[in-house]
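Down below is the structure, laid out as structure tokens.
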2 protein chains.
Amino acid sequence: MTTIRDVARAAGVSIATVSRVFNGNPRVGEDTALRVWDAAGELDYWPNGAARSLTTSRTQTLGVLLPDLYGDFFSEVIRGIDQAARRAHFQILLSSSHADPIEIVAAARAMRGRVDGLIIMASDRGTAEAVLGFLGRQPLVFLNPYLDPDGCSAVSIDNRAGGRSAVEHLIALGHRVIATVRGPEGNIDAEERLGGYRDALAGAGLSASPQLELPGDFTETAGFRAVSGLLAAVPRPTAVFAANDAMAAGLLGGLRDAGVAVPGEMAVVGFDDIGVARCLTPPLTSVRVDVCELGRRAVQLLLETVGPDGPAPCRREVLPARLVLRESCGCRSRTELPVLARGAGDSGERDRI
Amino acid sequence: MTTIRDVARAAGVSIATVSRVFNGNPRVGEDTALRVWDAAGELDYWPNGAARSLTTSRTQTLGVLLPDLYGDFFSEVIRGIDQAARRAHFQILLSSSHADPIEIVAAARAMRGRVDGLIIMASDRGTAEAVLGFLGRQPLVFLNPYLDPDGCSAVSIDNRAGGRSAVEHLIALGHRVIATVRGPEGNIDAEERLGGYRDALAGAGLSASPQLELPGDFTETAGFRAVSGLLAAVPRPTAVFAANDAMAAGLLGGLRDAGVAVPGEMAVVGFDDIGVARCLTPPLTSVRVDVCELGRRAVQLLLETVGPDGPAPCRREVLPARLVLRESCGCRSRTELPVLARGAGDSGERDRI
DNA sequence: TTGTAAGCGTTATCAA
DNA sequence: TTGATAACGCTTACAA
């Protein structure tokens, strides 16, 4: 491994000068700088990150701790984080698939001295508490709706409003018995979405009922499995709100297999608006959230905190969630909005399309 | 920030002793060790990673460089890498969404001194070449079918065989005019899958034709858009092989909107077997690949290389791709295999279910 | 069993 | 504009 010393020797200067050149210090002679760049190129030298961060006590790295997350949601968060971090010349140290507080705290501890700050998504309240307790005072942004307002910053999605708008729409369409498929027990986002569902029912004077709140875990299979409970409920629901699109997709599959017409006999609404939502049959009405932006904002907030201006005051941001109407809720006929045309019109909203 | 010195002072020992305790060195008195742990706990001390890696010249970190990747594929690769890395007490420094060789090489360079090795997925051959050229001799595993057999290790999916088996199945079902929707231009996996398609046609004495090889970019929208070309081809194809499931989903959506019966008038096969494949209408026949395992194997190979036994010989591994039959290819009627039952039976093969 | 001290590859503070 | 040199926080011979 070539070090700064090798370059200094080759260029006939001191290591201080080489360091200056690589840090863009203007007080270096032009020809000297050129000699240094040449030597460095020749020797294929690049400053050692560990050594650099030891002296500067800045790592240019953000730690990212995520729970056990699947599919599009995960990739989009990371994409957003990665984009924003790279733009600011930060790297990201990732640790995902954490099941419990112990694991996530251990992972955070192992990042000591390697990161300038942490972005943490706690799957449930217990984890969030544990993290706050153990991690004391280091720059930290939660990817959660939550918490002690002045403990740290947080960005979240307006899950509650999103869930409410979905169910309110179903109510506006005339549905009176509306079921939901819940996310994992204890999951904060899932709880908020459920809260939105209940809010909407309460707002319309409809009563909630345990038999209408079917268990789920965010997987397609959970959606499939929920179908039997859905059809067994008395009175039988005419609409169902799934806490995410994977489960909504499972519902659509299961309902098709059971011979139940959607939206005729059962309206379905999902949450997340994943890419395949409009490819399902019928195209899935869902609540769109900009998960990528969620990641970007988290980085933004964290960089404000670790920035040169010293610790900025904590902030909380909530990103909107917007209902996207398609055919699975029965609000529009297919002929009104051919999918091909819609795909084109949507393109500005979804960068992957 | 508390350092080893603070702990030494508090415990009344030298810094060497503290270091020994934290490194599990057995030559430390039992009571001394206890005092050190106490002091460390009290002061909330944990060794600084940067400093540690500077002395040991080991970072316990793996660099991961990925191209612009979407959805389930991305999350699963990371999941696999993360799992295997954590098990070996390694962290991962991630940089994704790289569009071109310049970017990926720059990102790799910025990781100097911060990682013990690199896992790189090059989207196209140009990138792979560039990486090999610039990164010279540091432990490196490609997540690609590829390359200079003794330059470095590589793990890949048997895209070619997977594509071939999908198309051979269509041929066995009697289809004679079979189209494909290609992945992004230059993408290695996409090219291999296309190669498999062509192999199968050639093997059956069927002729390939440019008008049957529709352009695509791995997005649902590309699938939607491919429908018009598909239906315009003369003679009209009776089956289509999509280079990934997102595009296959788009095809299903587009064909439904166009009023073309699947599989009756058009059989459809995808690639990847993403979670929602069986929720589509009709359930999508696809080629299953264990993407998570791909990530795990990459870590395994890399750890062999950076391991204490010195640089192991380079290895190449190819993971199998297996056709999963569902209804979109018309090979089975729905009543034969109710989806609910299949979901249960499949559970051993797919950990998320 | 414990302590002293020499690095590891940088940056940054002095002088020159 | 440059060069010595002292940190940075840790590991690890080598001594005691």
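Here is how names work: the chains are called A, B, and so on, in the same order as the sequence lines, proteins then strands, and each is numbered from 1.
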Just checking [X]: base, sugar-phosphate only, or nothing, at a heavy-atom cut-off of under 4.0 Å?
{"X": "Ser19(B)", "answer": "base"}
{"X": "Arg27(B)", "answer": "base"}
{"X": "Phe22(A)", "answer": "nothing"}
{"X": "Thr32(B)", "answer": "sugar-phosphate"}

### Message
For the helix from dT1(C)-dA16(D) to dA16(C)-dT1(D), what angle separates the axis at the start from the axis at the finish, each from five pairs, in steps of 10°?
### Response
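Here the local axes at opposite ends form an angle of 40°.
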### Query
Does the separation of the ring centres of Tyr45(B) and Phe22(B) fall below 6.0 angstrom?
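Between Phe22(B) and Tyr45(B), which both carry aromatic rings, the centre distance is below 6.0 Å.
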#### Entry: Partner set under salt bridge (charged side-chain N to carboxylate O under 4.0 Å, His left out) for Arg297(B), not counting sequence neighbours
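Arg297(B) satisfies salt bridge (charged side-chain N to carboxylate O under 4.0 Å, His left out) with Glu317(B) only.
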### Task
Report the residues that fulfil salt bridge (charged side-chain N to carboxylate O under 4.0 Å, His left out) with Asp116(A), sequence neighbours left out, ordered by chain and then residue number.
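Asp116(A): no salt bridge (charged side-chain N to carboxylate O under 4.0 Å, His left out) contacts found.
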If I take atom [atom1] in residue [X] and atom [atom2] in nucleotide [N], what distance separates them, rounded to the nearest angstrom?
{"X": "Asn25(A)", "N": "dT1(D)", "atom1": "CG", "atom2": "P", "answer": "10 Å"}
{"X": "Ile15(B)", "N": "dT11(D)", "atom1": "CD1", "atom2": "P", "answer": "9 Å"}
{"X": "Arg58(B)", "N": "dT11(D)", "atom1": "CZ", "atom2": "P", "answer": "14 Å"}
{"X": "Arg114(A)", "N": "dG9(D)", "atom1": "CZ", "atom2": "P", "answer": "15 Å"}

### Task
Decide yes or no on side chain to side chain contact (heavy atoms under 4.5 Å, CB included) for Leu93(A) and Thr59(A), but give the supporting numbers first.
CA-CA 11 Å; Leu93(A) 196 59; Thr59(A) 61; over 6 Å; no
### Query
Taking for each residue the nucleotide of DNA chain C bearing the nearest heavy atom, is the 5' side occupied by Arg35(B) or by Leu54(B)?
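Comparing both residues, the 5'-ward one is Arg35(B).
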### Message
Closest-nucleotide mapping onto DNA chain C: is Ala33(B) or Thr55(A) further toward the 5' terminus? I mean the 5' end.
### Response
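That would be Ala33(B).
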Tabulate below the donor-acceptor pairs under 3.5 Å that side-chain atoms of residues 27-38 of chain A make, not counting sequence neighbours, or state none.
unit_1: Arg35(A); atom_1: NE; unit_2: Ala11(A); atom_2: O; d: 3.0
unit_1: Arg35(A); atom_1: NH2; unit_2: Ala11(A); atom_2: O; d: 3.4

Does [X] have any side-chain contact (heavy atoms from CB on, under 4.5 Å) partners at least two apart in sequence or in another chain, and if so, which?
{"X": "Ser57(B)", "value": "none"}
{"X": "Ala298(B)", "value": "Ile119(B), Val141(B), Leu143(B), Val155(B)"}
{"X": "Arg9(A)", "value": "Arg5(A), Asp6(A)"}

#### Entry: Exercise: do Ser75(B) and Asp72(B) side chains pair donor with acceptor under 3.5 Å
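On atom types as modelled, these side chains do not qualify, holding no pair under 3.5 Å.
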### Task
Sequence neighbours left out, what pairs pass salt bridge (Lys or Arg N to Asp or Glu O under 4.0 Å) with at least one residue falling in residues 87-108 of chain A?
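Applying salt bridge (Lys or Arg N to Asp or Glu O under 4.0 Å) to every pair that reaches into residues 87-108 of chain A, excluding sequence neighbours, yields Glu103(A)-Arg86(B).
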### Task
Tell me whether the OP1 or OP2 atom of dC8(D) has a side-chain N or O from Ser57(A) closer than 4.0 Å.
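The answer is no; no side-chain N or O of Ser57(A) sits under 4.0 Å from OP1 or OP2.
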#### Entry: N/O (side chain, Asn48(B)) to phosphate O (OP1/OP2, dC8(D)) under 4.0 Å
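The answer is no; no side-chain N or O of Asn48(B) sits under 4.0 Å from OP1 or OP2.
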### Task
Measure from the side-chain heavy atoms of Ala51(B) and tell me the nearest of dG9(D), dG3(D), dT12(D).
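When the side chain of Ala51(B) is considered, dG9(D) is the closest of dG9(D), dG3(D), dT12(D).
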Spell out, as yes or no, whether a donor-acceptor pair under 3.5 Å connects the side chain of [X] to the backbone of [Y].
{"X": "Asp82(A)", "Y": "Ser96(B)", "result": "yes"}
{"X": "Gln138(A)", "Y": "Leu118(A)", "result": "no"}
{"X": "Gln83(A)", "Y": "Arg296(A)", "result": "no"}

Polar pairs (N or O, both sides) under 3.5 Å between protein and nucleotides 13-16 of chain D?
none

### Task
Anything under 4.0 Å to a heavy atom of chain B counts; send over the first and last such nucleotide of DNA chain C, read 5' to 3'.
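On DNA chain C, the outermost contacted nucleotides are dT1(C) to dG9(C).
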### Message
Please give me every residue in residues 1-9 of chain B whose heavy atoms get under 4.0 Å of an atom in DNA chain C, ordered by residue number.
### Response
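Those residues: none at all.
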### Message
The criterion is side chain to side chain donor-acceptor pair (under 3.5 Å); which residues satisfy it with Asn23(B), sequence neighbours excluded?
### Response
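With sequence neighbours excluded, Asn23(B) shows a side chain to side chain donor-acceptor pair (under 3.5 Å) to Ser19(B), Arg52(B), given in chain and number order.
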